[in-house]
Chemist: 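Could you have a look at this structure, given as structure tokens, before my questions?
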Amino acid sequence: MTNDVVQLRSVTRVYGQGNVAVNALQGISAEINKGEFVCVVGPSGCGKSTMLHLIGGLDSPTSGTVIVEDQDLSTFTNNELSDLRLRRMGFVFQAFNLIPVLSACENVEFVLQLQGIGKNERDTRAREVLDSVGLADAADRRPGELSGGQQQRVAVARALVGNPLLLIADEPSANLDSTTTRELCELLQSINRKHGTTILIATHDSLVMNYSTRTIQLEDGKIQQENPA
């Protein structure tokens, strides 16, 4: 058993074929250790989202190996990948992806419902995690009644409620102003330090990078350098 939560070994991802083939990732190797706060950085189209999708089991590499908790994801069935995402990972996307007809609490509960947890415990845990992200008073409001920053906090709460080993966030500050971005980063930093949750963020926002413990710089599908924060 290693301290690595994630290992990428000579991973490539090619979309399309022939003259229209796009080499999104070109033989990258990297490790994400338990408890790290890592930012994958670089310009649009450099392969950041592709890298996160492969780690999250949302896509498969063309070649190479993606290992999560010492397990090769290529050996997993689709159901096993879904279960891994449900029980060991949390996801935060720039579009928030909240269900508009559900309250903030119900949106957060949804993950626990998929895990088969009873209603009373779901409600208690959802409200506790909403309180931890500063939204105790907004638990019964629907997404349309919340600001962009509040919706992003609900998305973070939903990602955290299942106590994931790894939180994956793809451009989480893209729709936020600088003040709200700073608040979000401080929240994620607090979660990382308090609970030891490993955090992996794809971003081109220098403000977000400032909160990381390490950055991995991608360019044209290749890792150019890795830096401690």
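Along the sequence shown, the residues carry numbers beginning at 1. The model shown is predicted, which means the values in this text are computed figures rather than measured ones.
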Chemist: Would you say Leu218 and Gln224 make side-chain contact, with heavy atoms under 4.5 Å?
Modeler: no
Chemist: Under a 3.5 Å cutoff, is there a donor and acceptor pairing between the side chains of Asn192 and Thr197?
Modeler: no
Chemist: Starting at CZ of Arg153, measure out to CZ of Arg158 and round the result to the nearest 0.5 Å.
Modeler: 15.5 Å
Chemist: For Arg87, is the CZ atom crowded, meaning more than 12 foreign heavy atoms sit under 6.0 Å from it?
Modeler: yes
Chemist: For Arg142 and Glu106: C-alpha separation, side-chain torsions, deciding distance, then whether salt bridge (charged side-chain N to carboxylate O under 4.0 Å, His left out) applies.
Modeler: CA-CA 9 Å; Arg142 292 182 178 180; Glu106 289 166 337; over 6 Å; no
Chemist: Between Asp131 and Ala136, what is the shortest heavy-atom contact and its length?
Modeler: OD1-CB, 3.5 Å
Chemist: State the CD1-CD distance between Ile223 and Gln26, to the nearest 0.5 angstrom.
Modeler: 12.0 Å
Chemist: Might you point out which heavy atoms bring Met89 and Val68 nearest each other, and give the distance in Å?
Modeler: CE-CG1, 4.0 Å
Chemist: So with a 6.0 Å cut-off around CZ of Phe76, is the heavy-atom count from everything else above 12?
Modeler: yes
Chemist: Could you tell me the separation between the SG atom of Cys46 and the CD atom of Glu219, rounded to the nearest 0.5 Å?
Modeler: 8.5 Å
Chemist: With side-chain contact (heavy atoms from CB on, under 4.5 Å) as the test, would you mind laying out the steps for Leu146 and Leu135 before giving the verdict?
Modeler: CA-CA 10 Å; Leu146 302 174; Leu135 287 179; 5.5 Å; no
Chemist: What I want to check is whether the side chains of Thr62 and Thr12 have a donor and an acceptor closer together than 3.5 Å.
Modeler: no
Chemist: Tell me the closest heavy-atom pair linking Leu54 and Ser60, and the distance in Å.
Modeler: CD2-C, 3.3 Å
Chemist: Taking atom NE2 of His53 as the centre, does the number of heavy atoms from other residues, nucleotides or ligands within less than 6.0 Å exceed 12?
Modeler: yes
Chemist: Before you tell me yes or no, could you show the steps for Phe91 and Leu166 under side-chain contact (heavy atoms from CB on, under 4.5 Å), namely the whole-Å CA-CA distance, both residues' side-chain angles and the distance that decides it to 0.1 Å?
Modeler: CA-CA 9 Å; Phe91 295 87; Leu166 175 65; over 6 Å; no
Chemist: For Asp59 and Arg13: C-alpha separation, side-chain torsions, deciding distance, then whether salt bridge (charged side-chain N to carboxylate O under 4.0 Å, His left out) applies.
Modeler: CA-CA 9 Å; Asp59 192 9; Arg13 183 64 174 102; 2.9 Å; yes
Chemist: Closest heavy-atom contact between Cys105 and Arg127?
Modeler: SG-CG, 3.7 Å
Chemist: Please examine the side chains of Leu112 and Glu121, heavy atoms only from C-beta on, and report whether any two atoms are closer than 4.5 Å.
Modeler: no
Chemist: With no hydrogens and no angle check, do the side chains of Ser82 and Asn79 hold a donor and an acceptor under 3.5 Å apart?
Modeler: no
Chemist: Which distance, rounded to the nearest 0.5 Å, do you find between the OG1 of Thr65 and the CD of Gln7?
Modeler: 9.5 Å
Chemist: Can any side-chain N or O of Gln189 pair as donor or acceptor with the backbone N or O of Glu186 at less than 3.5 Å?
Modeler: no
Chemist: More than 12 foreign heavy atoms under 6.0 Å from NZ of Lys194: is that the case here?
Modeler: no
Chemist: Under the criterion salt bridge (charged side-chain N to carboxylate O under 4.0 Å, His left out), I'd like the reasoning laid out for Asp72 against Arg9: C-alpha separation, chi angles, the key distance, then a yes or no.
Modeler: CA-CA 10 Å; Asp72 181 350; Arg9 297 177 179 172; over 6 Å; no
Chemist: Say you draw a straight line from CG of Leu8 to CD1 of Ile28; how long is it, rounded to the nearest 0.5 Å?
Modeler: 5.0 Å
Chemist: Let me confirm one number: the CD1-CD1 distance from Ile201 to Ile216, rounded to the nearest 0.5 Å.
Modeler: 12.5 Å
Chemist: Under a 4.5 Å cut-off applied to non-hydrogen side-chain atoms, are Val5 and Asn33 in contact?
Modeler: no
Chemist: Taking C-beta and beyond as the side chain, do Thr50 and Tyr15 meet within less than 4.5 Å on heavy atoms?
Modeler: yes
